[in-house]
Undergrad: 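One structure is given below, represented as structure tokens, and several questions about it will come after.
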Amino acid sequence: MPAETVILLVLAAVAVIVAARWLAGRTGLPAAALLTVAGLVYGLLPGPNVTLDPDIVLSVLLPPLLYSAALDSSLIAIRANIRTVVSLSVLLVLVTALVIGAGFALWVPGATLAAGIALGAAVAPPDPVAALAIGRRVGLPPRLVTLIQGEGLLNDATALTLLTVAVTAARGEGFSTWSALGSFAMAAAGGVAAGLVVAYGVRPLRRLRRDPLASNAISLATPFTAYLLAESVHVSGVLAVVVAGLVIAHNAPYWTSGATRLQTDASWRLVDFLLEGIVFLLIGQQLPAVIGGLGQYAPSTVVVASLITVGAVLLVRPLWLWLTEHAPQALHVRLSGAPAADEDDDPSTPPRQLSGREITVLSWAGTRGVISLAAVFTIPLVTDSGDPFPDRDLLLFCAFLAVLVTLVGQGATFAPLVRRLGLRADAADAARQRNQARTAAVEAGLTRLDELQAEQHDHVDDAAIESIRAALSTRLERYRRRLEVLEDAEGEVPMSPQYEAALRVRRAVIDAERDELLRWRDLGRLPDEGLRTLERELDHQEHLLPARPV
């Protein structure tokens, strides 16, 4: 493909991604579904198309997306819900793959159990990108966000390991349960070890990490380092990336500067925005390649295989969630490792079960994505004997259909479902926690000022201490007044007229300051370098204000 064509395709992709985000903000439809449909329409048009290369997806696109998601996750929250996460990301993946494999072996003519399990392993892991984007926008409770996030971080490793075992059996190399379990355990343990090696290997670079540009470069290189290290020793690269991201995100605040965090966070948001958009566009464009190989199958075979795949993807998840919640305590792993919901509850009592509404939302959050397509495209063309891999084209179509149905169908209806069920985070409680933490932080600062006051110092230090004490005291009083307003609030965060007026005035003042700086630059009284420095100061002040209502 000529370089000019590649550039045009990239520019067109960026334009479509930006347009989809704008349209999603205006209509409430998920950008992931809009981009998938856009890619689907483009794939049906004449002209150059982009075929999904599974190696590129797994080694280039997947590591940064997983690492960014891990940076945005909470190691503490996932650890508190580890039993739930393991149940969803390991056991549910295995059950889904086995159900699809058994269905293919029983009802799809000529299909083998190993080939069916390979398909099941590909479509079993949900891709939480679309669900989390929608869930955060509609205010999904933090507990459900943690469960969806934790599941999405770890289920890919389970699925890809199981896929390798199933493909090996389908190619004619035989299948051994104990060998498969050993391979899975080795891949998982090795992936965790590789992730820890990378996570703690960046610690000696903490001096460099205080430089925002150097820290950005290290952060962008880390997921690829973890993935390549793990893959070079034949363990789970996906798990290595996730573990490295979780550990680094947990420890980074101890050694990174504020400027570094601001720049790194902005860089990863841009990476997420572009890579996720490209991924969803790629999904839609695979339709011609997938449909092209279906001519050799009877329509009834395609229908049966499609019903088995989509049915298992849609039904096994809610059934698993319900059974693991309602089975006797001694017979299942409780789907809630978190503390009891009420603060006054005894921590020793069993945690609260997931409600029916929560199970419904978690079930509908199982959208599949590019990992499923990339995984199924790695199925080889031929077996070890040289024969075509059994039903490969049929497996590709079923995987594509499962992704399309969940990504577009569930993705487009997820937000209305959450709103209809009335599951929303307690924004007032979250604001109350933040203000309590702000109050504690300011009180710690005032205590430190008292210690400095008691030390030997001169009048210059006295003036500085009193100035800072006055500023901190003003902030402390503001936080305490805010806590009084939030004390009895439930649900939405109350906004007092005085607070809203203060925000309007502060924004108006910042706008006036920015306009004056531009006037000075245009008159030649301020160089552009000075303008950029002063604008950055105003930008930081503006960034501290709450976002403007949409």
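All values below were derived from every heavy atom in this structure, side-chain atoms included, with hydrogens, water molecules and symmetry-related copies excluded.
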Undergrad: Tell me the closest heavy-atom pair linking A118 and L163, and the distance in Å.
TA: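 It is O-CD1, 3.2 Å.
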Undergrad: List the atom pairs, donor and acceptor, that lie under 3.5 Å between side-chain atoms in residues 234-252 and the rest of the protein, sequence neighbours left out.
TA:
from, atom 1, to, atom 2, distance (Å)
S236, OG, L239, N, 3.1
N251, ND2, V247, O, 3.3

Undergrad: Which heavy-atom pair separates S219 from W268 by the least distance, and what is that distance?
TA: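 Shortest heavy-atom contact: OG-NE1, 2.7 Å.
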Undergrad: Say you draw a straight line from CG of L58 to CG of L160; how long is it, rounded to the nearest 0.5 Å?
TA: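 Between L58 CG and L160 CG, I get 6.0 Å after rounding to 0.5 Å.
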Undergrad: Is the shortest heavy-atom distance from the side chain of T158 to the side chain of P125 under 4.5 Å?
TA: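 No, every pair of side-chain atoms sits at 4.5 Å or beyond.
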Undergrad: Do the non-hydrogen side-chain atoms of V85 and T146 ever get within less than 4.5 Å of each other?
TA: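 They are not in side-chain contact.
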Undergrad: Is any side-chain heavy atom of L314 closer than 4.5 Å to a side-chain heavy atom of Q410?
TA: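 In short, these two side chains touch, coming nearer than 4.5 Å.
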Undergrad: With a 3.5 Å cut-off and sequence neighbours excluded, list the donor-acceptor pairs that the side chains of residues 370-381 form with protein atoms.
TA:
from, atom 1, to, atom 2, distance (Å)
S372, OG, A122, O, 2.8
T378, OG1, A375, O, 2.4

Undergrad: Can you tell if the side chain of F224 reaches within under 4.5 Å of the side chain of S59, non-hydrogen atoms only?
TA: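 Result no, sub-4.5 Å side-chain heavy-atom pair not found.
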Undergrad: Taking all atoms of both residues into account, what is the closest heavy-atom pair of A121 and A97, and its distance?
TA: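 Here A121 and A97 meet closest at N-CB, 3.6 Å.
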Undergrad: Do the non-hydrogen side-chain atoms of L401 and C398 ever get within less than 4.5 Å of each other?
TA: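 In short, these two side chains do not touch, never coming nearer than 4.5 Å.
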Undergrad: As a test of understanding, state which of V99, L113, L395, D391 forms a side chain to side chain contact (heavy atoms under 4.5 Å, CB included) with F104.
TA: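 Output: one option passes, namely L395.
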Undergrad: Can you tell me if T264 uses its side chain to pair, donor with acceptor, with the backbone of R261 under 3.5 Å?
TA: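 Here the side-chain-to-backbone pair does not exist.
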Undergrad: Using only atom types and a distance under 3.5 Å, with no angle test, would you say the side chain of S87 pairs donor to acceptor with the backbone of R83?
TA: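 No; zero donor-acceptor contacts below 3.5 Å.
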Undergrad: Taking atom OG1 of T222 and atom OH of Y67, what is their separation to the nearest 0.5 Å?
TA: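 Result: 4.0 Å between the selected atoms.
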Undergrad: Under the criterion side chain to side chain contact (heavy atoms under 4.5 Å, CB included), I'd like the reasoning laid out for Q149 against I78: C-alpha separation, chi angles, the key distance, then a yes or no.
TA: CA-CA 9 Å; Q149 207 167 36; I78 291 177; 5.7 Å; no
Undergrad: Whether the side chain of D387 engages the backbone of T383 through a donor-acceptor N/O pair (distance < 3.5 Å, no angle test) should be reported.
TA: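 Flag not set: sc D387 to bb T383 has no pair under 3.5 Å.
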Undergrad: Take I82 and V86 through the test side chain to side chain contact (heavy atoms under 4.5 Å, CB included) and record every step on the way to the result.
TA: CA-CA 6 Å; I82 190 63; V86 170; 4.1 Å; yes
Undergrad: Can you check side chain to side chain contact (heavy atoms under 4.5 Å, CB included) on V313 and R317, steps first, answer last?
TA: CA-CA 7 Å; V313 165; R317 183 177 179 85; over 6 Å; no
Undergrad: Going by atom types alone, do S363 and W320 pair a side-chain donor with an acceptor below 3.5 Å?
TA: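 No - no donor-acceptor pair under 3.5 Å links their side chains.
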Undergrad: How close do L229 and A194 get, counting heavy atoms only, and between which atoms?
TA: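 Nearest pair, atom of L229 first, then A194: CD2-O, 4.0 Å.
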Undergrad: Give the C-alpha distance, both sets of side-chain angles, the deciding distance and a yes or no for side chain to side chain contact (heavy atoms under 4.5 Å, CB included) between L319 and L315.
TA: CA-CA 6 Å; L319 183 62; L315 298 178; 6.0 Å; no
Undergrad: Answer whether the closest heavy-atom distance between the side chains of P30 and F414 falls below 4.5 Å.
TA: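 No; the side chains remain at least 4.5 Å from each other.
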Undergrad: Considering only heavy atoms from C-beta outward, does the side chain of Q286 approach that of L396 to under 4.5 Å?
TA: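 No. Closest side-chain heavy atoms not under 4.5 Å.
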Undergrad: Which value, rounded to the nearest 0.5 Å, describes the distance between D156 atom CG and L62 atom CG?
TA: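 Here the interatomic distance stands at 6.0 Å.
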Undergrad: To the nearest 0.5 Å, what is the distance between CG on N155 and CG on L94?
TA: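 Taking CG in N155 and CG in L94, the distance rounds to 11.0 Å.
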Undergrad: Answer yes or no: is there a donor N or O on one side and an acceptor on the other, between the side chain of R368 and the main chain of V123, under 3.5 Å?
TA: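 Yes, because the side chain of R368 sits within donor-acceptor range (under 3.5 Å) of the backbone of V123.
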Undergrad: Measuring from atom OG1 of T36 to atom CD1 of I283, what distance do you get when rounded to the nearest 0.5 angstrom?
TA: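 These two atoms lie 5.0 Å from each other.
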Undergrad: Which side-chain N or O atoms in residues 272-282 pair as donor and acceptor under 3.5 Å with protein atoms at least two apart or in another chain?
TA:
from, atom 1, to, atom 2, distance (Å)
D272, OD1, S68, OG, 3.0
D272, OD2, S68, OG, 2.5

Undergrad: Determine whether T309 and F400 make a side-chain contact, defined as any pair of heavy atoms from C-beta on separated by less than 4.5 Å.
TA: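 The answer is no; the side chains never approach within 4.5 Å.
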Undergrad: Roughly how far, to the nearest 0.5 Å, is CG of L106 from CD1 of I308?
TA: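 Going from the CD1 atom of I308 to the CG atom of L106 covers 8.0 Å.
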Undergrad: If you look at every heavy atom in I148 and A365, which pair is closest and at what distance?
TA: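 Nearest heavy atoms, I148 then A365: CD1-CB, 3.7 Å.
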Undergrad: Specify the closest pair of heavy atoms between V50 and Q285, including all atoms of both residues, with the distance to one decimal.
TA: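 For V50 and Q285, the tightest heavy-atom pair comes out as N-OE1, 3.4 Å.
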